[in-house]
Number of protein chains: 4
Amino acid sequence: MKLDKLNRIFNATLNLTGKVGIAGLKMSSIAKEASMATGTLYLYFKNKKELLNALYFKLQKESAPALISEINHLPIEIQLYKMWSLALKRLVENNLRIIFLEQFLISPYVSESSKEMDARFRNYLRDLLDKGKKENQIKDVDSNILISLIIGFLRNFSTYIFKDKEGELSEKSIDESFSLCWEAIKK
Amino acid sequence: MKLDKLNRIFNATLNLTGKVGIAGLKMSSIAKEASMATGTLYLYFKNKKELLNALYFKLQKESAPALISEINHLPIEIQLYKMWSLALKRLVENNLRIIFLEQFLISPYVSESSKEMDARFRNYLRDLLDKGKKENQIKDVDSNILISLIIGFLRNFSTYIFKDKEGELSEKSIDESFSLCWEAIKK
Amino acid sequence: MKLDKLNRIFNATLNLTGKVGIAGLKMSSIAKEASMATGTLYLYFKNKKELLNALYFKLQKESAPALISEINHLPIEIQLYKMWSLALKRLVENNLRIIFLEQFLISPYVSESSKEMDARFRNYLRDLLDKGKKENQIKDVDSNILISLIIGFLRNFSTYIFKDKEGELSEKSIDESFSLCWEAIKK
Amino acid sequence: MKLDKLNRIFNATLNLTGKVGIAGLKMSSIAKEASMATGTLYLYFKNKKELLNALYFKLQKESAPALISEINHLPIEIQLYKMWSLALKRLVENNLRIIFLEQFLISPYVSESSKEMDARFRNYLRDLLDKGKKENQIKDVDSNILISLIIGFLRNFSTYIFKDKEGELSEKSIDESFSLCWEAIKK
DNA sequence: GATGAATGAGGATTCATTCAT
DNA sequence: CATGAATGAATCCTCATTCAT
C-alpha cells in the first residue's frame with residue numbers, strides 16, 4: 001500500500017541516480033522504474049524538489065544514528081572497529097545512497113533545511129576521538145585530519161568494493177583496512 | 001583570443017558546477033558567467049554534451065600526469081611525501097575540478113569515450129606501492145586498500161580544507177596528514 | 001481522439017504551408033492552428049522533420065491511387081475524361097496539398113525515403129497513352145510530351161480556379177478544358 | 001567588381017534554392033556558395049528579405065518582357081510558335097529560376113510589392129489569344145483555360161527536360177510539343 | 001570595401017506538472 | 001486512488017545581423 005509505493009519511488013530514484021546522476025533524473029523515468037504512472041508521484045510528493053528532499057532526509061536518518069546507537073558504550077578501539085566494520089558494510093551495501101547524497105547537496109533541488117550537513121556522523125567521530133586523546137590512545141592531532149582520514153578512507157574503499165568487487169566485502173578486507181586506519185591514528 | 005575564450009568557458013562551467021551541480025548547469029548561465037553571448041558557446045562546442053566532455057578531458061589531462069612526472073625518480077617515502085603534498089595542494093586549489101569530475105561521470109552527458117576512468121593516478125600509486133613492498137618499506141597488504149586509504153584521505157581532507165578553512169592549507173597540516181598516512185601504510 | 005488529433009495537425013500544417021510556405025512553418029504556429037499545445041505535437045512526432053515527412057506520405061498515399069482505381073476499366077477517351085474531371089476537381093479542392101508536396105520536395109526536411117517521387121500517376125498515364133496509341137486513338141508522339149501537356153495543364157488550371165475563382169469549378173470548365181486537351185493528343 | 005559580386009550572390013541563391021528550397025536558405029550558405037564572407041552580403045542588401053526580393057524582381061524582369069519584345073509583330077501562329085520555342089528553351093535553361101519564383105511567392109519573405117504576380121506574361125498571352133479569336137484562328141474558349149494549357153504545359157515539359165533529359169532540348173521536341181499545343185487551341 | 005567572430009532574438013524541443021477519465 | 005495524455009514554461013540551439021579588425 002502507501003508505504004510500499006513510497007519505497008518503490010525512493011528505490012527507483014536511488015537506482016536512477018546511480019545510473020544517470022541527478023542531472024539525468026526525470027519524473028517520468030522515476031515513475032517508470034517504480035512501475036507506476038507519472039501522475040502517481042504527485043500524489044505522494046508536491047513536486048520533484050520535495051521528492052528529492054524527502055529521500056535525502058530518509059537517507060540521513062537511516063545512516064549515522066543507527067550506527068552510533070549500536071556501539072557507543074564500548075571501549076574506543078573496539079568502538080572504532082565496530083564502527084569501521086558496520087560503516088564499511090553499510091556503505092558497500094548502500095553505495096547508491098552515497099552517490100545520491102553527494103550529488104544532491106550541490107543540485108538545484110536542495111531545500112534550505114537540507115543544507116545542515118551530515119554533521120552528525122562527524123560529530124560522533126569527533127567526540128570519540130577526543131575521548132581517545134584524553135585516554136592517551138589516539139594521536140594528539142587535529143581531529144579534523146583524523147576524521148578526514150577515517151571518512152575518506154571509508155568512502156573510497158567502499159566505492160572500490162562496490163564497483164570493482166561487485167559488493168563482495170570479506171572479513172579480511174574489513175580487518176586489514178581497519179588495521180591500517182588504527183595504526184594511523186593510534187598513539 | 002581563442003584560447004582565452006575557451007578558458008573563460010571552462011572556468012565558468014567549473015564555477016557553476018561547484019555552485020549548482022551538473023543538474024543545474026544552463027548554457028545561458030555558463031555564457032553569462034563567462035561574459036559572452038549564449039550563441040558564442042556554440043562556436044566552440046557543438047552542444048552542451050560536447051562542452052562538458054571537452055572540459056572533462058582537459059581536467060583529466062592536467063591532473064595526474066603533471067604530478068607524476070615531477071617526482072617519479074625519488075625514494076619512496078620522499079616520493080610519497082612529495083606526492084601527498086603536491087596532491088593535497090592541488091586538490092585544495094582545484095576542489096571545483098573534483099566536484100565536476102565526480103558529477104560528470106554519472107551525468108547523462110558522458111560520451112562513451114569519457115568512461116575510461118582516472119585510472120592513471122591509481123596506476124602510478126600501485127606501481128609505487130609495489131616497489132615499496134619489494135623494498136620492505138610498505139605493508140604487505142592488498143594495494144587496493146592502501147590506494148583507497150591514500151586517495152580517500154586526500155580527497156576528504158582537501159574538501160574539508162577547501163570548504164571549512166577557505167583553502168588555507170598550512171605546511172603543518174600537510175605534514176601531519178602525511179604522517180598519519182605514512183604510519184598507516186609503512187611496514 | 002488519436003486520429004482526430006493527427007488530422008488536426010495535418011490540416012493545420014497544410015493550411016499554413018499554403019499561407020507562408022514551408023520556410024515559414026513554425027511548430028508553435030502549427031500547434032496554435034490545430035488548437036493544441038506545442039508540446040502535444042511531440043507526442044505524435046519526434047520532431048518537425050518527421051511531422052512533415054509523415055504528412056508527405058499521407059498525401060502521396062491518398063492522391064493518385066484512389067483516382068486510378070475508380071476508372072481503369074473504361075474506354076480510353078472516357079477514361080481520360082473521367083480522369084481529367086476527377087483530377088481537376090480533386091486538384092482544385094486540394095490545392096493546398098499540391099503546394100505542400102511541391103515545396104516539401106526541395107526543403108531541408110525531406111528524408112531520403114521521401115524522394116521516391118509521385119511517379120505513380122505518371123506511370124498510370126503512360127500506360128493509358130500507350131494503349132491509346134495501339135488502338136490508333138492517340139497521336140504517335142513521345143509519351144513524356146503528352147504527359148507534360150496533361151499534368152501541366154491540370155495543375156496550372158486547377159491553381160487558377162483555386163486562386164482566382166475561389167474554387168468554383170463548373171462542369172463547363174471541366175468539359176472545355178478536357179476538349180482542348182483531347183484535341184491536342186487525339187490522332 | 002560590384003556587378004560581378006551581385007551576380008555571384010544571385011547565382012548562389014538560385015543554386016541553393018534548387019537544392020534546399022527557400023526553407024533551407026541560410027545567409028551563411030549563400031555567402032559560402034558565392035565565395036565571400038557573410039558580412040559582405042550586407043554590403044549589397046539590407047537583409048535577407050531584400051536580397052530575395054531583389055532576386056525575384058531581377059528574374060521577373062529578365063523573363064517575359066525580353067521574350068515579348070522579340071516577337072510581338074509576327075502573325076499569330078508564328079508568334080505563338082516563336083514564343084513557345086523561346087519560352088521552352090529559356091525555361092529549360094533556367095529551371096532553377098522557376099523553382100525560386102514559385103517558392104518565393106509563398107515564403108515569409110515576399111514584400112507586398114512582389115505580390116503583383118507574373119501577370120505580365122499572362123497579359124501578353126491574353127492579348128495574343130484575343131487577337132487570334134478575332135481573326136478566327138483561335139477557339140472561342142475562355143482565355144484563362146487556354147492560358148493555363150499553354151503555361152502549364154510549358155512549365156511541366158520544361159521541368160521534365162531539365163530533370164530527366166539533363167537539359168537536352170531538341171528541335172523535334174519543340175516542334176512536337178508546339179503542334180500539340182496549337183492543335184488544342186486553334187479553331 | 002571585405003571579413004568572419006560575436007551577438008541574442010526567435011524557434012525547436014524537453015519535461016515537470018496538471019487534470020479529465 | 002491511479003492513470004497518462006495534454007500542457008506550456010523553461011531550456012537548448014540556430015542563424016540573421018552587427019561590428020571590430
Side-chain angles (χ1 to χ4, degrees), chain A residues 1-2 5 23-32 34-52 108-109, chain B residues 1-2 4-5 8-9 23-32 34-51 108-109, chain C residues 1-2 4-5 8 23-32 34-52 108-109, chain D residues 1-2 5 23-32 34-52 108-109:
Chain A
M1 40 236 68
K2 197 145 187 172
K5 258 188 190 145
L25 275 183
K26 297 181 211 169
M27 290 301 267
S28 57
S29 324
I30 294 175
K32 203 175 171 189
S35 309
M36 61 184 67
T38 311
T40 309
L41 297 178
Y42 290 85
L43 298 177
Y44 294 88
F45 303 99
K46 214 180 85 202
N47 53 36
K48 191 175 180 180
K49 188 170 180 178
E50 301 223 336
L51 190 165
L52 295 181
Y109 298 113
Chain B
M1 34 239 82
K2 196 145 190 173
D4 169 52
K5 254 185 195 144
R8 271 157 60 203
I9 294 173
L25 276 183
K26 295 178 219 166
M27 291 301 267
S28 56
S29 325
I30 294 176
K32 202 172 170 191
S35 310
M36 60 182 70
T38 309
T40 307
L41 297 178
Y42 291 87
L43 296 178
Y44 294 87
F45 303 100
K46 217 179 85 205
N47 52 37
K48 193 174 177 181
K49 186 171 181 179
E50 301 223 336
L51 189 163
Y109 299 113
Chain C
M1 35 237 78
K2 197 146 190 171
D4 169 53
K5 260 193 187 135
R8 273 158 58 204
L25 277 183
K26 295 179 219 168
M27 292 300 267
S28 56
S29 324
I30 295 175
K32 203 173 171 190
S35 309
M36 61 184 67
T38 309
T40 309
L41 297 178
Y42 291 86
L43 295 179
Y44 294 88
F45 303 99
K46 218 179 82 201
N47 52 37
K48 193 175 178 181
K49 185 171 181 178
E50 301 223 336
L51 190 163
L52 295 181
Y109 298 113
Chain D
M1 39 236 72
K2 196 145 189 174
K5 258 188 190 142
L25 276 183
K26 295 181 211 167
M27 292 299 268
S28 58
S29 324
I30 295 175
K32 202 175 172 189
S35 309
M36 61 183 69
T38 311
T40 309
L41 297 178
Y42 290 84
L43 298 177
Y44 294 87
F45 302 100
K46 215 180 86 202
N47 53 37
K48 191 178 180 179
K49 189 171 180 178
E50 301 224 336
L51 189 164
L52 295 181
Y109 298 113

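Reckoned from all heavy atoms, side chains included, excluding hydrogens, waters and symmetry mates. A, B, ... follow the sequence lines: proteins, then strands. Residue 1 opens every chain.
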Roughly, in whole Å, what's the span from [atom1] in [X] to [atom2] in [N]?
X      : N       : atom1 : atom2 : value
K49(A) : dT17(E) : NZ    : P     : 11 Å
L25(D) : dT14(F) : CG    : C1'   : 15 Å
K26(D) : dA16(F) : NZ    : C1'   : 12 Å
N47(B) : dA12(E) : CG    : C1'   : 14 Å
R8(B)  : dA6(E)  : CZ    : C1'   : 11 Å
I30(B) : dA6(E)  : CD1   : P     : 17 Å
K32(B) : dT7(E)  : NZ    : P     : 15 Å
E50(C) : dT13(E) : CD    : P     : 10 Å

Is any side-chain N or O of [X] closer than 4.0 Å to OP1 or OP2 of [N]?
X      : N       : value
S28(D) : dC15(F) : no
Y44(D) : dA2(E)  : yes
Y42(C) : dT14(E) : no
K5(A)  : dA2(F)  : yes
T38(C) : dG8(F)  : no

**Report entry** Base paired to dT3(F) (Watson-Crick or G-U; both N/O distances under 3.5 angstrom)
**Finding:** dA20(E)

Report task. Provide the Watson-Crick or G-U wobble partner of dA9(E), both distances under 3.5 Å; none if there is no partner. Result ->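 Its partner is dT14(F) (Watson-Crick or G-U wobble, both distances under 3.5 Å).
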
Query raised in the report: Would you find more than 12 non-hydrogen atoms of other residues, nucleotides or ligands less than 6.0 Å from K26(D) atom NZ?
Result: no

Query raised in the report: What's the spacing between I30(C) CD1 and R8(C) CZ if we round to 0.5 Å?
Result: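 Interatomic distance, I30(C) CD1 to R8(C) CZ, rounded to 0.5 Å: 13.5 Å.
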
Requested in this report: Calculate, to the nearest 0.5 Å, the distance between atoms CZ and CG belonging to F45(C) and L52(C) respectively.
Outcome: 9.0 Å

Query raised in the report: What nucleotide, of dT17(F), dT7(F), dT3(E), holds the atom closest to the side chain of K48(D)?
Result: dT17(F)

Query raised in the report: What nucleotide, of dT13(E), dA5(F), dT17(E), holds the atom closest to the side chain of M27(C)?
Result: dT13(E)

Query raised in the report: So which one's nearest nucleotide on DNA chain F is more toward 5', T40(B) or M36(A)?
Result: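 The residue whose closest nucleotide sits nearer the 5' end is M36(A).
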
Query raised in the report: Does K48(C) use its side chain to pair, donor to acceptor, with the backbone of L25(C) at less than 3.5 Å?
Result: yes

**Report entry** Audit row: L43(D), K5(D), side-chain contact (heavy atoms from CB on, under 4.5 Å) steps and yes/no
**Finding:** CA-CA 11 Å; L43(D) 298 177; K5(D) 258 188 190 142; over 6 Å; no

Query - Comparing K46(A) and A37(B) on DNA chain E - which has the more 5′ nearest nucleotide - result: A37(B)

